[in-house]
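Quick caveat, the model's predicted, so the values are computed rather than measured. Throughout, residue positions are numbered sequentially from 1 according to the sequence presented.
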Amino acid sequence: MKPALVILAAGIGSRYGGLKQMDGIGPGGESIIDYSVYDGIRAGFGKIVFVISKKIEDDFREIWEPKLRGRIDHDFVIQDPNDLPGSFDKPDDRIKPWGTGQAVLAARHAVDVPFAVANADDFYGREAFALIHDFLITENDPNGFCMVGYHLMNTLSEYGTVSRGVCEFDANHYLREITEITNIGLKDGRTGYAMPDGSFNEIDADTMVSMNIWGFRPSMFSLLWKGFEDFLQDHAGDIKAEYLLPSRVNELVHAGIITVKMLRSTFEWFGVTYREDKPKTIEKINSLIASGEYPERLWTK
(Lines give C-alpha, C1' and ligand atoms only; values in the text may rest on other atoms or scores of the structure.)
Protein backbone atom coordinates (compact mmCIF):
# COMPACT_ATOMS: atom_id res chain seq x y z
CA MET A 1 0.00 0.00 0.00
CA LYS A 2 1.10 3.54 -0.65
CA PRO A 3 2.39 5.53 2.37
CA ALA A 4 0.26 8.27 3.93
CA LEU A 5 1.25 11.89 4.54
CA VAL A 6 0.22 13.34 7.91
CA ILE A 7 0.23 17.14 8.01
CA LEU A 8 0.22 18.83 11.41
CA ALA A 9 -2.12 21.79 11.01
CA ALA A 10 -3.88 22.09 14.37
CA GLY A 11 -2.11 25.37 15.13
CA ILE A 12 -2.85 27.03 11.80
CA GLY A 13 -5.89 28.97 13.01
CA SER A 14 -4.13 30.55 15.96
CA ARG A 15 -1.03 31.46 13.93
CA TYR A 16 -2.94 33.12 11.11
CA GLY A 17 -5.94 34.44 12.99
CA GLY A 18 -8.31 32.11 11.13
CA LEU A 19 -8.22 29.88 8.08
CA LYS A 20 -9.54 32.48 5.69
CA GLN A 21 -6.54 34.65 6.43
CA MET A 22 -3.83 32.06 5.74
CA ASP A 23 -1.03 33.81 3.91
CA GLY A 24 -1.11 33.28 0.17
CA ILE A 25 2.36 32.99 -1.32
CA GLY A 26 1.52 31.53 -4.74
CA PRO A 27 0.06 33.32 -7.78
CA GLY A 28 -3.31 31.66 -7.16
CA GLY A 29 -3.32 32.44 -3.45
CA GLU A 30 -1.73 29.10 -2.54
CA SER A 31 -0.31 28.83 0.97
CA ILE A 32 2.73 26.81 2.01
CA ILE A 33 0.50 23.87 2.93
CA ASP A 34 -0.78 23.74 -0.67
CA TYR A 35 2.71 23.16 -1.96
CA SER A 36 3.43 20.44 0.60
CA VAL A 37 0.25 18.57 -0.30
CA TYR A 38 1.03 18.95 -4.00
CA ASP A 39 4.57 17.64 -3.46
CA GLY A 40 3.24 14.73 -1.41
CA ILE A 41 0.84 13.70 -4.16
CA ARG A 42 3.45 13.74 -6.89
CA ALA A 43 5.96 11.92 -4.67
CA GLY A 44 3.53 8.99 -4.57
CA PHE A 45 1.76 9.21 -1.22
CA GLY A 46 -1.64 7.57 -1.33
CA LYS A 47 -3.47 9.47 1.41
CA ILE A 48 -3.32 12.89 3.03
CA VAL A 49 -4.32 13.12 6.70
CA PHE A 50 -4.71 16.61 8.17
CA VAL A 51 -4.41 16.96 11.93
CA ILE A 52 -6.50 19.99 12.81
CA SER A 53 -8.26 21.58 15.77
CA LYS A 54 -12.01 21.39 16.22
CA LYS A 55 -12.43 25.14 15.92
CA ILE A 56 -11.06 25.25 12.36
CA GLU A 57 -12.61 22.00 11.11
CA ASP A 58 -15.48 23.50 9.10
CA ASP A 59 -13.31 26.12 7.41
CA PHE A 60 -10.54 23.63 6.75
CA ARG A 61 -12.87 21.12 5.14
CA GLU A 62 -14.42 23.88 3.03
CA ILE A 63 -10.98 24.79 1.68
CA TRP A 64 -9.55 21.33 1.14
CA GLU A 65 -12.43 19.07 0.11
CA PRO A 66 -12.81 20.71 -3.32
CA LYS A 67 -9.05 20.65 -3.97
CA LEU A 68 -8.51 16.99 -3.13
CA ARG A 69 -11.80 15.36 -4.11
CA GLY A 70 -11.04 12.95 -6.94
CA ARG A 71 -7.30 13.48 -6.63
CA ILE A 72 -6.31 11.53 -3.53
CA ASP A 73 -7.81 9.82 -0.49
CA HIS A 74 -7.84 12.23 2.44
CA ASP A 75 -9.05 12.54 5.99
CA PHE A 76 -9.37 15.16 8.72
CA VAL A 77 -8.63 14.23 12.34
CA ILE A 78 -8.95 16.38 15.44
CA GLN A 79 -6.17 16.98 17.95
CA ASP A 80 -8.26 16.97 21.10
CA PRO A 81 -6.70 18.10 24.40
CA ASN A 82 -8.92 15.51 26.11
CA ASP A 83 -7.50 12.59 24.11
CA LEU A 84 -5.31 11.20 26.88
CA PRO A 85 -4.17 7.69 27.82
CA GLY A 86 -5.20 5.76 30.90
CA SER A 87 -6.96 7.57 33.71
CA PHE A 88 -5.46 10.98 33.03
CA ASP A 89 -7.75 13.98 32.80
CA LYS A 90 -7.05 17.33 31.24
CA PRO A 91 -6.75 20.17 33.78
CA ASP A 92 -9.82 22.38 33.65
CA ASP A 93 -7.74 25.46 32.84
CA ARG A 94 -5.76 23.84 30.02
CA ILE A 95 -6.96 25.06 26.62
CA LYS A 96 -4.33 24.09 24.07
CA PRO A 97 -3.40 20.55 22.96
CA TRP A 98 -0.33 18.71 24.22
CA GLY A 99 2.23 19.29 21.47
CA THR A 100 3.49 17.56 18.34
CA GLY A 101 3.69 14.12 19.96
CA GLN A 102 -0.03 14.19 20.68
CA ALA A 103 -0.70 15.68 17.24
CA VAL A 104 0.78 12.61 15.53
CA LEU A 105 -1.23 10.35 17.84
CA ALA A 106 -4.40 12.05 16.63
CA ALA A 107 -3.86 10.29 13.28
CA ARG A 108 -3.59 6.79 14.76
CA HIS A 109 -7.09 5.71 13.76
CA ALA A 110 -6.75 7.07 10.22
CA VAL A 111 -3.35 5.59 9.32
CA ASP A 112 -2.40 1.90 9.15
CA VAL A 113 0.46 2.15 6.64
CA PRO A 114 3.95 3.73 6.74
CA PHE A 115 3.59 7.48 6.93
CA ALA A 116 5.40 10.79 6.74
CA VAL A 117 4.84 13.65 9.18
CA ALA A 118 5.32 17.29 8.21
CA ASN A 119 4.46 20.71 9.59
CA ALA A 120 1.76 22.62 7.72
CA ASP A 121 3.67 25.88 7.50
CA ASP A 122 7.19 24.80 6.50
CA PHE A 123 8.16 24.74 2.83
CA TYR A 124 10.23 21.57 2.53
CA GLY A 125 10.54 21.21 -1.22
CA ARG A 126 9.71 18.32 -3.54
CA GLU A 127 12.93 16.45 -2.74
CA ALA A 128 12.05 15.95 0.94
CA PHE A 129 8.76 14.17 0.22
CA ALA A 130 10.33 12.03 -2.49
CA LEU A 131 13.18 10.97 -0.17
CA ILE A 132 10.82 9.89 2.62
CA HIS A 133 8.39 8.16 0.27
CA ASP A 134 11.18 6.11 -1.32
CA PHE A 135 12.60 5.16 2.08
CA LEU A 136 9.22 3.99 3.36
CA ILE A 137 8.52 1.76 0.36
CA THR A 138 11.99 0.20 0.18
CA GLU A 139 13.01 -0.31 3.83
CA ASN A 140 11.20 -3.01 5.82
CA ASP A 141 12.39 -2.68 9.44
CA PRO A 142 9.20 -2.00 11.51
CA ASN A 143 11.21 0.24 13.84
CA GLY A 144 13.46 1.73 11.18
CA PHE A 145 12.44 5.33 10.65
CA CYS A 146 13.87 8.34 8.83
CA MET A 147 14.03 12.12 8.84
CA VAL A 148 15.05 14.74 6.32
CA GLY A 149 17.91 16.90 7.51
CA TYR A 150 18.63 20.41 6.30
CA HIS A 151 21.82 22.41 6.49
CA LEU A 152 21.41 25.00 9.22
CA MET A 153 22.47 27.81 6.89
CA ASN A 154 19.50 26.96 4.65
CA THR A 155 16.95 27.36 7.45
CA LEU A 156 17.73 30.80 8.88
CA SER A 157 15.76 34.03 8.66
CA GLU A 158 17.33 37.36 7.84
CA TYR A 159 14.93 39.08 10.22
CA GLY A 160 15.43 37.37 13.55
CA THR A 161 16.47 34.27 15.40
CA VAL A 162 14.98 30.79 15.07
CA SER A 163 14.72 27.57 17.07
CA ARG A 164 16.13 24.42 15.50
CA GLY A 165 16.63 20.78 16.40
CA VAL A 166 20.41 20.43 15.98
CA CYS A 167 21.22 16.82 15.10
CA GLU A 168 24.19 14.54 15.63
CA PHE A 169 24.63 11.47 13.42
CA ASP A 170 27.01 8.54 13.28
CA ALA A 171 29.20 7.67 10.29
CA ASN A 172 26.32 5.80 8.67
CA HIS A 173 23.96 8.78 8.97
CA TYR A 174 21.86 7.36 11.79
CA LEU A 175 20.59 9.80 14.40
CA ARG A 176 22.36 9.93 17.75
CA GLU A 177 20.89 13.05 19.32
CA ILE A 178 18.58 16.00 18.70
CA THR A 179 19.18 19.11 20.78
CA GLU A 180 16.62 21.90 20.62
CA ILE A 181 18.47 25.21 20.50
CA THR A 182 16.71 28.56 20.57
CA ASN A 183 17.72 32.02 19.37
CA ILE A 184 19.90 30.81 16.49
CA GLY A 185 20.91 33.57 14.13
CA LEU A 186 23.72 35.37 12.37
CA LYS A 187 26.22 37.68 14.06
CA ASP A 188 29.10 39.28 12.18
CA GLY A 189 28.83 36.62 9.50
CA ARG A 190 28.86 33.76 12.00
CA THR A 191 26.06 31.33 12.79
CA GLY A 192 25.26 30.58 16.43
CA TYR A 193 23.24 31.59 19.46
CA ALA A 194 23.58 33.86 22.48
CA MET A 195 24.54 32.30 25.81
CA PRO A 196 23.06 33.50 29.14
CA ASP A 197 26.29 35.36 29.90
CA GLY A 198 26.00 37.31 26.65
CA SER A 199 28.68 35.41 24.76
CA PHE A 200 28.02 33.97 21.29
CA ASN A 201 28.28 30.21 20.85
CA GLU A 202 29.09 29.50 17.21
CA ILE A 203 27.57 26.58 15.28
CA ASP A 204 28.92 25.29 11.98
CA ALA A 205 26.59 26.59 9.26
CA ASP A 206 26.65 23.14 7.61
CA THR A 207 25.30 21.42 10.74
CA MET A 208 22.24 19.30 9.96
CA VAL A 209 19.00 20.27 11.67
CA SER A 210 15.54 18.75 11.92
CA MET A 211 12.60 20.70 10.52
CA ASN A 212 10.07 18.18 11.85
CA ILE A 213 9.64 16.13 8.68
CA TRP A 214 9.82 12.41 9.45
CA GLY A 215 9.13 8.98 8.04
CA PHE A 216 7.50 6.51 10.46
CA ARG A 217 5.71 3.19 10.48
CA PRO A 218 2.50 2.26 12.33
CA SER A 219 4.60 0.90 15.23
CA MET A 220 5.36 4.53 16.09
CA PHE A 221 1.82 5.07 17.38
CA SER A 222 2.18 2.58 20.25
CA LEU A 223 5.63 3.98 21.06
CA LEU A 224 4.23 7.50 21.18
CA TRP A 225 1.26 6.41 23.29
CA LYS A 226 3.53 4.79 25.89
CA GLY A 227 5.72 7.88 25.93
CA PHE A 228 2.65 10.07 26.38
CA GLU A 229 1.64 8.07 29.45
CA ASP A 230 5.13 8.51 30.92
CA PHE A 231 5.07 12.21 30.09
CA LEU A 232 1.73 12.72 31.81
CA GLN A 233 2.96 11.01 34.97
CA ASP A 234 5.18 14.07 35.47
CA HIS A 235 3.32 16.83 33.63
CA ALA A 236 -0.42 16.13 33.64
CA GLY A 237 -1.10 19.13 35.89
CA ASP A 238 1.09 21.56 33.95
CA ILE A 239 -1.13 23.63 31.67
CA LYS A 240 1.84 24.67 29.49
CA ALA A 241 3.70 21.35 29.18
CA GLU A 242 4.04 19.92 25.66
CA TYR A 243 4.72 16.35 24.61
CA LEU A 244 7.12 17.00 21.74
CA LEU A 245 7.79 14.56 18.92
CA PRO A 246 11.59 15.15 18.73
CA SER A 247 11.92 14.53 22.48
CA ARG A 248 10.20 11.16 22.21
CA VAL A 249 12.32 10.25 19.16
CA ASN A 250 15.40 11.09 21.23
CA GLU A 251 14.28 8.80 24.05
CA LEU A 252 13.60 5.92 21.69
CA VAL A 253 16.94 6.31 19.89
CA HIS A 254 18.84 6.39 23.19
CA ALA A 255 17.01 3.25 24.34
CA GLY A 256 17.92 1.43 21.14
CA ILE A 257 14.26 0.81 20.31
CA ILE A 258 14.28 2.62 16.96
CA THR A 259 16.76 3.80 14.36
CA VAL A 260 16.37 7.05 12.43
CA LYS A 261 18.17 7.41 9.13
CA MET A 262 19.04 10.93 8.07
CA LEU A 263 18.12 11.71 4.47
CA ARG A 264 20.04 14.78 3.38
CA SER A 265 18.23 17.54 1.53
CA THR A 266 20.12 20.21 -0.41
CA PHE A 267 16.97 22.30 -0.75
CA GLU A 268 16.88 25.69 0.92
CA TRP A 269 13.98 25.38 3.37
CA PHE A 270 11.90 28.49 3.73
CA GLY A 271 8.88 29.70 5.60
CA VAL A 272 7.34 32.80 7.11
CA THR A 273 8.86 32.91 10.57
CA TYR A 274 8.64 36.70 10.58
CA ARG A 275 6.30 39.01 8.70
CA GLU A 276 9.29 40.37 6.81
CA ASP A 277 10.02 36.88 5.42
CA LYS A 278 6.91 36.88 3.23
CA PRO A 279 8.18 38.94 0.24
CA LYS A 280 11.27 36.75 -0.08
CA THR A 281 9.14 33.61 0.22
CA ILE A 282 6.90 34.85 -2.62
CA GLU A 283 10.02 35.62 -4.66
CA LYS A 284 11.33 32.08 -4.15
CA ILE A 285 8.00 30.55 -5.13
CA ASN A 286 7.91 32.61 -8.31
CA SER A 287 11.44 31.49 -9.10
CA LEU A 288 10.48 27.82 -8.68
CA ILE A 289 7.47 28.38 -10.93
CA ALA A 290 9.65 30.05 -13.55
CA SER A 291 12.04 27.09 -13.48
CA GLY A 292 9.18 24.66 -14.09
CA GLU A 293 9.23 23.08 -10.63
CA TYR A 294 5.59 24.06 -10.01
CA PRO A 295 2.72 25.12 -12.27
CA GLU A 296 1.45 28.65 -11.89
CA ARG A 297 -1.84 27.31 -10.49
CA LEU A 298 -1.54 24.13 -8.43
CA TRP A 299 -5.12 22.91 -8.44
CA THR A 300 -6.31 23.63 -11.95
CA LYS A 301 -8.07 20.53 -13.26
Side-chain angles (χ1 to χ4, degrees), residues 3-8 10 45 49 51 77 79 83-86 88 97-119 122 124 128-129 131-150 163-182 207-236 238 241-265:
L5 172 57
V6 176
I7 297 185
L8 308 184
F45 288 90
V49 178
V51 179
V77 298
Q79 184 180 5
D83 182 20
L84 305 178
F88 293 104
W98 297 83
T100 50
Q102 192 209 21
V104 176
L105 281 170
R108 67 191 183 277
H109 301 305
V111 175
D112 59 1
V113 294
F115 62 100
V117 170
N119 289 340
D122 287 310
Y124 296 105
F129 295 97
L131 286 169
I132 291 183
H133 172 272
D134 293 350
F135 178 93
L136 291 175
I137 65 172
T138 56
E139 301 292 331
N140 297 314
D141 182 353
N143 290 316
F145 305 152
C146 68
M147 60 165 286
V148 174
Y150 292 80
S163 298
R164 295 289 179 257
V166 176
C167 299
E168 298 177 27
F169 301 93
D170 66 18
N172 295 314
H173 306 293
Y174 283 96
L175 182 68
R176 284 178 173 167
E177 182 81 29
I178 302 178
T179 304
E180 186 73 16
I181 298 179
T182 59
T207 296
M208 302 304 292
V209 298
S210 165
M211 298 303 298
N212 217 36
I213 180 166
W214 307 87
F216 296 128
R217 304 187 188 281
S219 58
M220 187 59 175
F221 290 124
S222 61
L223 295 171
L224 280 173
W225 195 249
K226 176 61 170 65
F228 198 19
E229 287 186 286
D230 295 341
F231 170 86
L232 290 171
Q233 291 284 355
D234 297 325
H235 302 289
D238 185 345
E242 293 191 40
Y243 178 49
L244 299 177
L245 181 59
S247 298
R248 181 56 174 159
V249 169
N250 242 1
E251 293 172 357
L252 294 168
V253 167
H254 290 167
I257 296 172
I258 67 171
T259 60
V260 179
K261 182 82 169 183
M262 189 271 287
L263 311 176
R264 187 184 298 266
S265 174

Results of side chain to side chain donor-acceptor pair (under 3.5 Å) for [X] - residues two or more places apart only:
{"X": "Ser265", "value": "Glu127"}
{"X": "Arg217", "value": "none"}
{"X": "Asn250", "value": "Glu177"}
{"X": "Ser219", "value": "Asn143"}

Exercise. Any idea which heavy atoms bring Ala106 and Val51 closest together, and the distance?
Worked result: CB-CG1, 4.0 Å
Problem set entry | Closest non-hydrogen atom pair between Pro97 and Gln79, with its separation | CB-NE2, 3.2 Å
Taking the side chain as every heavy atom from C-beta outward, state whether [X] and [Y] have any atom pair closer than 4.5 Å.
{"X": "Val253", "Y": "Thr259", "value": "no"}
{"X": "Tyr150", "Y": "Tyr124", "value": "yes"}
{"X": "Pro218", "Y": "Val111", "value": "no"}
{"X": "Pro114", "Y": "Ile137", "value": "no"}
{"X": "Tyr174", "Y": "Met262", "value": "no"}
{"X": "Val6", "Y": "Phe216", "value": "no"}
{"X": "Ile213", "Y": "Asp122", "value": "no"}
{"X": "Trp214", "Y": "Phe145", "value": "no"}

For this session: Return the set of residues passing side chain to side chain contact (heavy atoms under 4.5 Å, CB included) with Arg176 (not counting sequence neighbours), or none when no residue passes.
Result: Glu168, Asp170
Within the side chain of [X], is there an N or O that forms a donor-acceptor pair under 3.5 Å with the backbone of [Y]?
{"X": "Tyr243", "Y": "Arg248", "answer": "no"}
{"X": "Thr100", "Y": "Leu244", "answer": "no"}
{"X": "Lys261", "Y": "Asn172", "answer": "yes"}

Under 3.5 Å, side-chain donor or acceptor atoms of residues 225-233 against the rest of the protein: list the pairs with distances, not counting sequence neighbours.
from	atom 1	to	atom 2	distance (Å)
Lys226	NZ	Asp230	OD1	3.0
Lys226	NZ	Asp230	OD2	3.0

Exercise. Where do Leu5 and Val49 land on the side chain to side chain contact (heavy atoms under 4.5 Å, CB included) test, with the steps shown first?
Worked result: CA-CA 6 Å; Leu5 172 57; Val49 178; over 6 Å; no
